[in-house]
Amino acid sequence: MNIINFTPISAFVGGVIIGLAVILFFVGNGRLAGVSGIVNNALVSKQNRTDNFLFIIGLVLGPIFYVFFTKIDITFLITSSLPTIIAAGFLVGIGTKIGRGCTSGHGICGISLLSARSIIATIIFMITAIITVKLTG
């Protein structure tokens, strides 16, 4: 089943909001808004722990508020297998540690800083995602 979800206006608006959030986070904290780094710092580091936890809470509550206030049903399908979800989370954590960042850190912040490492990492992320979708879809 092929579902085409072409929404250029909402994608553009979402991209602008993400970009503004990254700028606001950087101006307010002097740090890049890479989610894996923020989660790592929230769990490991003693510095900026409150800021990091607030950022993570915002990531969780943002979509909940969006659905509540817009009354738009966001339907998606993931596995309900707890072992699969735990294994996937563990693998993502290892991958972000090896890659020294995640898609938000490299793809949004790193590319905007013209970091060659981030550009290469993002290209690899995208190629891997495309291959995964083609193999599993």
Side-chain angles (χ1 to χ4, degrees):
M1 175 170 94
N2 284 335
I3 298 174
I4 297 174
N5 190 11
F6 183 68
T7 56
I9 294 172
S10 61
F12 176 76
V13 171
V16 169
I17 292 170
I18 290 169
L20 290 173
V22 166
I23 292 168
L24 182 63
F25 190 81
F26 185 75
V27 169
N29 295 297
R31 298 180 301 140
L32 296 178
V35 176
S36 65
I38 290 171
V39 170
N40 183 59
N41 289 338
L43 299 174
V44 177
S45 176
K46 301 285 187 239
Q47 286 184 297
N48 303 314
R49 187 167 260 172
T50 302
D51 291 348
N52 293 323
F53 277 116
L54 289 174
F55 188 93
I56 294 166
I57 290 168
L59 286 177
V60 173
L61 293 181
I64 293 169
F65 286 157
Y66 177 80
V67 169
F68 180 76
F69 287 114
T70 64
K71 306 293 187 219
I72 295 174
D73 181 32
I74 301 174
T75 304
F76 62 94
L77 175 67
I78 67 169
T79 182
S80 60
S81 166
L82 191 57
T84 301
I85 293 170
I86 291 170
F90 185 70
L91 291 172
V92 167
I94 291 172
T96 59
K97 219 37 171 166
I98 292 170
R100 297 186 60 192
C102 58
T103 51
S104 59
H106 285 300
I108 298 167
C109 301
I111 288 177
S112 66
L113 295 171
L114 301 177
S115 164
R117 183 178 80 189
S118 290
I119 293 168
I120 291 167
T122 304
I123 290 169
I124 292 170
F125 294 154
M126 297 309 293
I127 290 170
T128 303
I130 291 166
I131 290 169
T132 301
V133 167
K134 290 297 180 185
L135 290 176
T136 61

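If you're wondering where the values come from, they're calculated on a predicted model, not measured in any experiment.
Considering only residues two or more places apart in sequence or on other chains, Ser112 meets the side-chain contact (heavy atoms from CB on, under 4.5 Å) condition with none of them.
Taking the six-membered ring where the residue is Trp, Phe125 and His106 present tilted rings, their angle falling between 30° and 60°.
Expressed to the nearest 0.5 Å, how far OG1 of Thr122 lies from CZ of Arg117 amounts to 11.0 Å. The OG1 atom of Thr103 lies 10.5 Å from the CD1 atom of Ile111; values are rounded to the nearest 0.5 Å. Within the model, atoms CG of Leu113 and CD1 of Ile108 stand 12.0 Å from one another, a figure rounded to the nearest 0.5 Å. If you take CD1 on Ile57 and CG on Asn52, they are separated by 11.0 Å, rounding to the nearest 0.5 Å. Going from atom CD1 of Ile9 over to atom CZ of Phe12 covers 10.0 Å, rounded to the nearest 0.5 Å. Asp51 CG to Ile38 CD1: the interatomic distance, rounded to the nearest 0.5 Å, is 9.0 Å.
Cluster membership for Leu20 and Phe26, using ILVMFWY side-chain heavy atoms within less than 4.5 angstrom, is not shared. Residues Leu24 and Ile18 fall into different hydrophobic clusters, defined by Ile, Leu, Val, Met, Phe, Trp and Tyr side chains chained together at heavy-atom separations under 4.5 Å. When the side chains of ILVMFWY residues are joined at heavy-atom separations under 4.5 Å, either directly or via intervening members, Ile56 and Val35 end up in a single hydrophobic cluster. Taking hydrophobic clusters as Ile, Leu, Val, Met, Phe, Trp and Tyr residues chained together by side-chain heavy-atom distances below 4.5 Å, Val44 does not share a cluster with Phe53. A single hydrophobic cluster is seen to contain both Ile98 and Phe90, as judged by linkage of ILVMFWY side chains at heavy-atom distances under 4.5 Å, directly or through other members.
Annotation: Arg31, atom CZ; neighbour count of heavy atoms from other residues, nucleotides and ligands within 6.0 Å is above 12.
For the pair Cys109 and Ala33, the tightest heavy-atom approach, listed with the atom from each and the gap, is SG-N, 3.6 Å. Of all heavy-atom pairs spanning Cys102 and Gly34, the tightest one is SG-C, 4.3 Å. Between Leu59 and Pro63, the closest heavy-atom pair is O-CD, 3.1 Å.
Asn40 contributes no side-chain N or O that, together with a main-chain N or O of Ser36, makes up a donor-acceptor pair within less than 3.5 Å. Judged by distance alone, with hydrogens and angles left aside, the side-chain atoms of Ser115 form a donor-acceptor pair with the main-chain N or O of Ser118 at under 3.5 Å.
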Side-chain polar contacts of residues 126-137 - donor-acceptor pairs under 3.5 angstrom, sequence neighbours left out - could you list them?
{"from": "Thr128", "atom 1": "OG1", "to": "Ile124", "atom 2": "O", "distance (Å)": "2.8"}
{"from": "Thr132", "atom 1": "OG1", "to": "Thr128", "atom 2": "O", "distance (Å)": "2.8"}
{"from": "Thr136", "atom 1": "OG1", "to": "Thr132", "atom 2": "O", "distance (Å)": "2.7"}

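Between Asn29 and Phe55 there is no side-chain heavy-atom pair separated by less than 4.5 Å.
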